[in-house]
Amino acid sequence: MDDLNAATGPAYDVIIVGSGAAGLTAALALAQTLKVLVLAKGELTGGSTAWAQGGIAAVLDAGDTFEDHIRDTMVAGAGLNRLETVEFVIERAPHAIERLAELGVPFNTDGNSLHLTREGGHSHRRIVHVDDATGWAVQAALLKAAQTNPNITLLPGRACIDLITGRHEQRYSGSGRVWGVYALDQETGQVEAHTARATILATGGAGRVYQFSTAPRGATGDGIAMAWRAGARVSNMEMMQFHPTCLYNLDVKNFLITEAVRGEGGRLINPRTGKRFMTFYDPERLELAPRDVVARAIDSEIKRFGLDYVHLDISHQPPEFVREHFPTIYDKLLGLGLDMTRQPIPVVPAQHYTCGGILIDMNGKTDLPGLYAAGECTESGLHGANRLASNSLLECFVFGEAAAAHILAQWDAFDAPPPVRAWDESRVIEADEEVVIKQNWTEIRRFMWNYVGIVRTTKRLERAAHRIKLLNDEIEEYYRHFRVSTDLIELRNLLQSADLIVCSALKRHESRGLHYTLDYPETGAEARDTVLVP
Ligand code: FAD
Ligand code: SIN
């Protein structure tokens, strides 16, 4: 760090890293009285939020109850959820939907009420949606509100590298107090220091650590890795959710076929036998069993029969019904030469959601003073060992608001940040071997898919741990010697995320929810979080 080149003083009260559902919800709540800076890697719409299809779970139907939604969430989460968090989130869902409707999200209606669709693991119809492109409508409404708010500054094209802590103060304190972030301006290549009294991480998941994932390119676990490096605990990282139905297409790698297709009658068929196979794996819940059950069933069919994919068939429903409910998917598939009103859709499981993450409390607080987190980068206790479909956007709204409310309530206790040191580039040179980054990136994603996927063994996990150790030396050396780039920042965070996943998986000596290992096939009597301490 260069002591002489001090960063300029803070212009904002709170920094939020991430412009998805969690980040923008927090920003809008804070901007009532505070000045907020929102940083985003790439475009403001680059996170998972804009890609969400199915919808948002909320108890809105007269026949439905909070108790049922809570029970469904706990059943899907295999009892690892924290009941207090589950109640907190689910009871706030109707308010979250009301607030989004006020912001202009055009939810589908059925007469005078909202149309509710159904997804796996839900005992009632309770998914509020905007056709099959809910996330895009939510992202657009939140962004519009943020763009017109004079207290919010949106700064896209910033890849945050690390948190600024007491270690980076000009008068070194070495404390874990967080004062903001170092961020790479992706256009100029300069690294900026942004400081504020409070920082919120809302950076989304780490899905891209797997070769096949429905998540966008930037889901590289940056916030989780940054918080870990700064000293925050991380929990339940072994709980990686695989969505059962990602389109199988050699040209289109990560297009999701929403669970609502199964919710509206879609059946899973083995293309070799022509048989509906969920009758064998879960005769009661069939295609609407929780995701871990359905994904494992598909994985098993694929392996047993040597298939490339299975079929998801909704062609028995009237064509009008299919086109009306799934216009985005219908158009996309038609563009690929497949008419889902007449033909089955080839699907495979793919990584979809990061259930674990930065450990937070009910106020979105992390272990580190001044640092909050919300959304998919966190482990709040809501999802436990497996997330119930459409509970995650909900978590973003509830914890985005909770973090903002706590910061507003405690504002007088937040000190102004001290002068911090600017980013030191005096000992690095321009990278000359970009191929190293590409090679390592591909290697991580491949061994994570093969060794740390849907079905695990201790031996495979140990193999992955060994590869991670070797790659860590190589990547850290590269990081110390070469100027940072977005690819290098992401590679370092991908490896950190992979390490946290494998360490957590090796610690869990049972199969529970999303963590299924042939060496410990039984579920233990007591549900315990896997908490990693830096
Ligand atoms: P994101 O929306 O992912 O946003 C992350 C933000 O952080 C982005 O702005 C990104 O640029 C920024 N960021 C990341 N790293 C950095 C960095 N280093 N520096 C600066 N900025 C950074 N959930 C549901 O509840 N219902 C659904 O129907 C649903 N469908 C889904 C469909 C798909 C295809 C996918 C992938 C997910 C789906 N999910 C769904 C999950 C849900 O979309 C996500 O969990 C949720 O949107 C996460 O929101 P977030 O605000 O936490 O993060
Ligand atoms: C989907 O539409 O199947 C995704 C829903 C979710 O991830 O919650």
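For ligands, and for the atoms within them, numbers begin at 1 and follow the listed sequence.
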Next on the checklist: Taking atom CD as the centre, does Glu102 end up with more than 12 heavy-atom neighbours from other residues, nucleotides or ligands that are less than 6.0 angstrom away?
Outcome noted: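 Yes, because the 6.0 Å sphere around CD of Glu102 holds more than 12 heavy atoms from other groups.
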Next on the checklist: Tell me which residues fall inside the under-4.0 Å heavy-atom shell around ligand 2.
Outcome noted: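 Residue list for ligand 2: Gln53, Gly54, Glu119, His243, Leu256, Thr258, Glu259, Arg291, His352, Arg387, Ala389, Ser390.
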Checklist entry - Just checking, Arg296 and Tyr281: is the charged tip under 6.0 Å from the six-membered ring centre and within 45° of the axis? => result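 Negative - Arg296 is either too far from the ring of Tyr281 or too far off its axis.
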In plain terms, say whether [X] and [Y] are close enough for a salt bridge, that is, a side-chain N and a carboxylate O under 4.0 Å apart.
X: Lys41; Y: Asp185; result: no
X: Arg387; Y: Glu376; result: no
X: Arg126; Y: Asp64; result: yes

Checklist entry - What is the minimum heavy-atom distance between Phe326 and Ile314, and which atoms define it? => result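 Nearest pair, atom of Phe326 first, then Ile314: CE1-CD1, 4.0 Å.
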Item to check | Member of Thr354, Asp292, Asn386 meeting the side-chain hydrogen bond (donor to acceptor under 3.5 Å, both in side chains) criterion with Gln241 | outcome: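 Among Thr354, Asp292, Asn386, the one meeting side-chain hydrogen bond (donor to acceptor under 3.5 Å, both in side chains) with Gln241 is Asn386.
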Checklist entry - What residues form a side-chain hydrogen bond (donor to acceptor under 3.5 Å, both in side chains) with Ser390, not counting sequence neighbours? => result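 Scan of Ser390 (side-chain hydrogen bond (donor to acceptor under 3.5 Å, both in side chains), adjacent residues dropped) gives Glu119.
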Which pairs of donor and acceptor atoms, one on a side chain in residues 154-162, lie under 3.5 Å apart (sequence neighbours left out)?
residue : atom : partner : partner atom : Å
Arg158  : NE   : Glu192  : OE1          : 2.9
Arg158  : NE   : Glu192  : OE2          : 3.2
Arg158  : NH1  : Pro156  : O            : 3.1
Arg158  : NH2  : Glu192  : OE2          : 3.4
Asp162  : OD1  : Arg229  : NE           : 2.9
Asp162  : OD1  : Arg229  : NH2          : 3.2
Asp162  : OD2  : Arg492  : NH1          : 3.4

Checklist entry - For ligand 1, what are the residues with a heavy-atom contact below 4.0 Å? => result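 Answer by chain and number: Val17, Gly18, Ser19, Gly20, Ala21, Ala22, Leu39, Ala40, Lys41, Gly47, Ser48, Thr49, Trp51, Ala52, Gln53, Gly54, Gly55, Arg158, Ala159, Cys160, Ala202, Thr203, Gly204, Thr214, Ala215, Asp222, Leu256, His352, Tyr353, Gly375, Glu376, Arg387, Ser390, Asn391, Ser392, Leu393, Cys396.
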